[in-house]
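Small disclaimer: the values here were computed from a predicted structure and weren't measured. One-based numbering, in listed order, for ligands and for the atoms of each.
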Amino acid sequence: MSYDSDNIFAKILRGEIPCDKVYEDDHVLAFRDIQPQTPVHVLVIPKGGYSSFDDFSRDASEAEIAAFVRAAGQIARDLGVVADGYRVLANHGRDANQEVPHFHLHLFAGKPLGRMIKPLDK
Ligand code: AMP
């Protein structure tokens, strides 16, 4: 899908709407999810215009990808969630129910998170 620069995270990046920022560098912004699903629920986004993990993994530069992965790990350490554990997750497309078409990693922590997905019905 082509990038929609009117999406809500693009507006956050342009400073048109506020966010509860937890981290920022040249390539990455991270902020708390507005509807947290766990006590710690942070969204990590690249500053570049990528719609999902699909085009980010294909088109982003080595520097952008390295910065993104390094930042996600650093944010978890800064939030103090490494010892008890955390989950990172990215939704792409319809079957994953992606709502915002700007690539983002969810970082969930702060309670036992259970199994990742339900086993398939046999
Ligand atoms: P996804 O379904 O992976 O696209 O997740 C989108 C996430 O963005 C959801 O968890 C929303 O609660 C979150 N979200 C939507 N608008 C905002 C906003 N203005 N600030 C922070 N998080 C938001």
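The closest donor-acceptor contact from the side chain of His102 to the backbone of Asp4 lies at 3.5 Å or more, if one exists at all.
Below 3.5 Å of separation, one finds an N or O of His106 facing an N or O of ligand 1. Residue Val100 has at least one nitrogen or oxygen atom sitting less than 3.5 Å from a nitrogen or oxygen atom of ligand 1, judged on distance alone. An N or O contact shorter than 3.5 Å is missing between Gln98 and ligand 1 by distance.
Distance from atom 9 (C) of ligand 1 to its nearest protein heavy atom, with residue and atom name: Asp33 OD2, 3.3 Å. What sits closest to atom 23 (C) of ligand 1 on the protein, heavy atoms only, is Ile34 CG2, 3.5 Å. What sits closest to atom 6 (C) of ligand 1 on the protein, heavy atoms only, is His104 NE2, 3.6 Å. Protein heavy atom in closest approach to atom 4 (O) of ligand 1: Glu99 N, 2.7 Å. Residue, atom and distance of the protein heavy atom nearest to atom 8 (O) of ligand 1 are Phe9 CZ, 3.4 Å.
Using a 30° and 60° split on the angle between ring planes, His106 and His41 fall in the tilted class, from 30° to 60°.
Contacts between Arg32 and ligand 1 below 4.0 angstrom, taking non-hydrogen atoms only, involve the backbone exclusively. Of the heavy atoms in Leu43, only side-chain atoms (C-beta onward) come closer than 4.0 Å to ligand 1.
Atoms of ligand 1 found under 4.0 Å from any heavy atom of Asn91 (numbered from 1 in listed order, with element): 1 (P), 2 (O), 3 (O). When each atom of ligand 1 is checked for a heavy atom of Asn97 under 4.0 Å away, the hits are 2 (O). Atoms of ligand 1 found under 4.0 Å from any heavy atom of Gln35 (numbered from 1 in listed order, with element): 12 (O). The distance from ligand 1 to the heavy atoms of Phe31 drops below 4.0 Å at these ligand atoms: 21 (C).
A donor-acceptor contact closer than 3.5 angstrom links the side chains of Asp78 and Gln74.
Taking the charged nitrogens against the carboxylate oxygens, Lys47 and Glu24 do have a contact shorter than 4.0 Å, which makes a salt bridge.
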Decide yes or no on side-chain contact (heavy atoms from CB on, under 4.5 Å) for Asp33 and Val42, but give the supporting numbers first. CA-CA 5 Å; Asp33 197 290; Val42 166; over 6 Å; no

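Within a 6.0 Å radius of CD in Glu16, more than 12 heavy atoms belonging to other residues, nucleotides or ligands are found. Residue-environment remark: CZ (Arg58) exceeds the threshold of 12 foreign heavy atoms within 6.0 Å.
For His27 and Phe68, the ring centers sit 6.0 Å or farther from each other.
Placement of Tyr50 and Val88 within a single hydrophobic cluster is found when ILVMFWY residues are connected by side-chain heavy-atom separations under 4.5 Å, directly or transitively.
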